[in-house]
Number of protein chains: 2
Amino acid sequence: MNQEAAIAGFEALASAVRLDIYRLLIRQGPSGMVAGDIATALDLAPTNLSFHLKNLTRAGLLTVVQEGRYQRYRAHLPGMLELLAYLTEECCGGEPELCAEVVALSKRLGAQADSDRPLP
Amino acid sequence: MNQEAAIAGFEALASAVRLDIYRLLIRQGPSGMVAGDIATALDLAPTNLSFHLKNLTRAGLLTVVQEGRYQRYRAHLPGMLELLAYLTEECCGGEPELCAEVVALSKRLGAQADSDRPLP
DNA sequence: TTAACCCTACAAGTATTATTGAATTAATAC
DNA sequence: GTATTAATTCAATAATACTTGTAGGGTTAA
């Protein structure tokens with residue numbers, strides 16, 4: 001994870017619409033949702049939704065697969081954990097317990113995150 | 001943590017300058033750094049640095065205390081963990097192992113995060 | 001108290017992002 | 001084969017954030 005990718009990730013989450021989309025898909029879990037259902041659930045114009053879905057996907061926070069004429073989107077948790085790992089690299093010379101936990105989690109999941117990246 | 005606060009947090013991290021500042025302070029640990037030293041370390045104009053420090057602080061990602069004529073800034077980890085908790089609320093009906101870990105961490109630290117908030 | 005230093009507040013110019021509508025591609029249904 | 005549905009791309013407008021310079025408030029040193 002480099003700085004550019006991290007910025008793309010945080011930028012993706014720094015929008016009310018995209019945050020709603022992402023959390024909706026997190027709640028939805030592995031089944032994900034097709035674009036049209038997301039548009040209905042959040043009352044978004046198809047054009048606008050597509051713009052934000054693309055943003056989230058390019059940031060590595062969503063994956064998308066085609067199903068006939070539908071596009072199914074899913075939250076991509078490793079993308080989020082890579083962001084956490086990037087923030088906490090070389091964390092805390094002072095090592096409070098809290099910090100140690102975060103580092104352990106992000107390190108452990110960081111490796112696994114590299115194995116399945118969505119489209120660049 | 002509400003949507004507005006979450007957006008402020010992610011927006012704060014969605015800038016190269018602020019990401020550099022935040023990670024520098026994470027590395028620095030509990031000792032933190034005074035504004036002037038941050039400016040030197042990252043080669044930033046004082047005015048511009050002040051702008052970004054304020055942004056990060058208001059987002060709950062930094063704390064600041066006055067020390068004589070210096071301002072000492074520290075990374076505020078609970079702020080970051082609240083963001084993680086907000087993202088993963090009601091996460092994954094399907095419950096993969098990865099997801100459960102994230103939820104457990106964010107829930108556990110979420111409560112503690114509420115106890116010491118920086119300035120609004 | 002005068003001077004020097006640290007940092008922040010304000011204002012202006014520049015640049016980036018969000019939203020909308022029209023047109024396009026792609027897949028299914030008739 | 002034509003029509004219908006799903007989703008995206010493109011172009012234009014409106015809104016927002018980043019950077020820089022000047023000025024000001026507060027603290028320490030002479």
Side-chain angles (χ1 to χ4, degrees), chain A residues 3-25 28 31-59 61-74 118-120, chain B residues 3-25 28 31-59 61-74 118-120:
Chain A
Q3 194 207 49
E4 191 184 1
I7 291 172
F10 290 119
E11 231 162 34
L13 295 170
S15 140
V17 171
R18 289 193 295 268
L19 204 44
D20 287 345
I21 294 170
Y22 185 73
R23 300 214 317 153
L24 175 61
L25 290 172
Q28 207 61 221
S31 63
M33 288 177 80
V34 298
D37 290 344
I38 300 173
T40 301
L42 301 178
D43 192 28
L44 293 170
T47 298
N48 196 20
L49 174 62
S50 196
F51 170 80
H52 290 296
L53 286 173
K54 181 182 175 184
N55 188 316
L56 282 161
T57 305
R58 302 214 63 162
L61 293 169
L62 300 184
T63 61
V64 55
V65 298
Q66 183 163 357
E67 292 184 358
R69 54 184 163 179
Y70 298 88
Q71 303 286 330
R72 182 168 298 272
Y73 287 89
R74 295 182 172 90
L119 53 88
Chain B
Q3 195 207 48
E4 191 184 0
I7 291 171
F10 291 119
E11 232 161 34
L13 296 170
S15 140
V17 172
R18 289 193 295 268
L19 204 45
D20 286 345
I21 294 170
Y22 185 73
R23 300 213 316 151
L24 175 61
L25 290 173
Q28 207 60 222
S31 63
M33 290 177 79
V34 298
D37 291 342
I38 300 172
T40 302
L42 300 178
D43 192 29
L44 294 170
T47 298
N48 196 19
L49 174 63
S50 195
F51 170 80
H52 290 296
L53 286 173
K54 180 181 175 183
N55 188 317
L56 282 160
T57 305
R58 301 213 64 164
L61 293 168
L62 301 183
T63 60
V64 56
V65 297
Q66 184 164 358
E67 291 183 0
R69 54 184 163 180
Y70 299 89
Q71 302 286 329
R72 181 167 298 272
Y73 286 89
R74 296 181 172 89
L119 53 87

- Query: Given atom CD1 of B/Ile7 and atom P of C/dA18, what is their separation to the nearest angstrom?
  - Reply: 11 Å
- Round to the nearest Å and state the distance from A/Lys54 atom NZ to C/dT17 atom P. 13 Å
- Closest to the side chain of A/Arg69, out of D/dA7, C/dT28, D/dT19, is C/dT28
- Query: What is the distance, rounded to the nearest whole Å, between atom CG of B/Asp37 and atom P of C/dC5?
  - Reply: 16 Å
- How many Å lie between CD on B/Gln71 and P on C/dC5, as a whole number? 18 Å
- Atom CD1 of A/Ile21 to atom C1' of C/dT19: distance rounded to whole Å? 13 Å
- Nearest listed nucleotide, side chain of B/Leu53, among C/dT8, D/dT8, C/dT19: C/dT8
- Residue-phosphate contact under 4.0 Å: B/Arg18 side-chain N/O, D/dC18 OP1/OP2: yes
- Query: Looking at side-chain heavy atoms only, is the closest gap between A/Leu25 and A/Leu62 below 4.5 Å?
  - Reply: yes
- State whether a side-chain donor-acceptor pair under 3.5 Å links B/Gln3 with A/Asp20. yes
- Using a cut-off of 6.0 Å, state whether more than 12 heavy atoms not belonging to B/Gln66 lie near its atom CD. yes
- B/Ile21 vs B/Val17 side-chain heavy atoms within contact, under 4.5 Å: yes
- Query: How do A/Gln66 and A/Asn48 order along DNA chain C: which one's closest nucleotide is nearer the 5' end?
  - Reply: A/Asn48
- Query: Hey, does the side chain of B/Tyr73 come within less than 4.0 Å of C/dC6's phosphate (OP1/OP2), counting only N and O?
  - Reply: no
- Message: Starting the side chain at C-beta, find the nucleotide from C/dA18, D/dC18, C/dT8 nearest to A/Ser15.
- Response: C/dA18
- Any B/His52 side-chain nitrogen or oxygen under 4.0 Å from OP1 or OP2 of D/dT19: yes
- Nearest-angstrom distance from the residue atom CG of A/Asn55 to P of C/dT16: 16 Å
- Taken to the nearest whole Å, CZ/B/Phe10 to C1'/C/dT17 is 19 Å
- With distance as the sole test, does B/Thr40 use its side chain to make a donor-acceptor pair with the main-chain N or O of B/Gly36 at under 3.5 Å? yes
- Note on the structure: Contact check, residues 39-47 of chain B vs DNA chain C, heavy-atom distance under 4.0 Å, returns B/Pro46, B/Thr47
- For A/Glu67, check salt bridge (charged side-chain N to carboxylate O under 4.0 Å, His left out) against everything at least two apart and list the hits. A/Arg72
- Integer-rounded Å distance: C/dG21 P and A/Phe51 CZ: 16 Å
- B/Arg18 vs B/Phe51 side-chain heavy atoms within contact, under 4.5 Å: yes
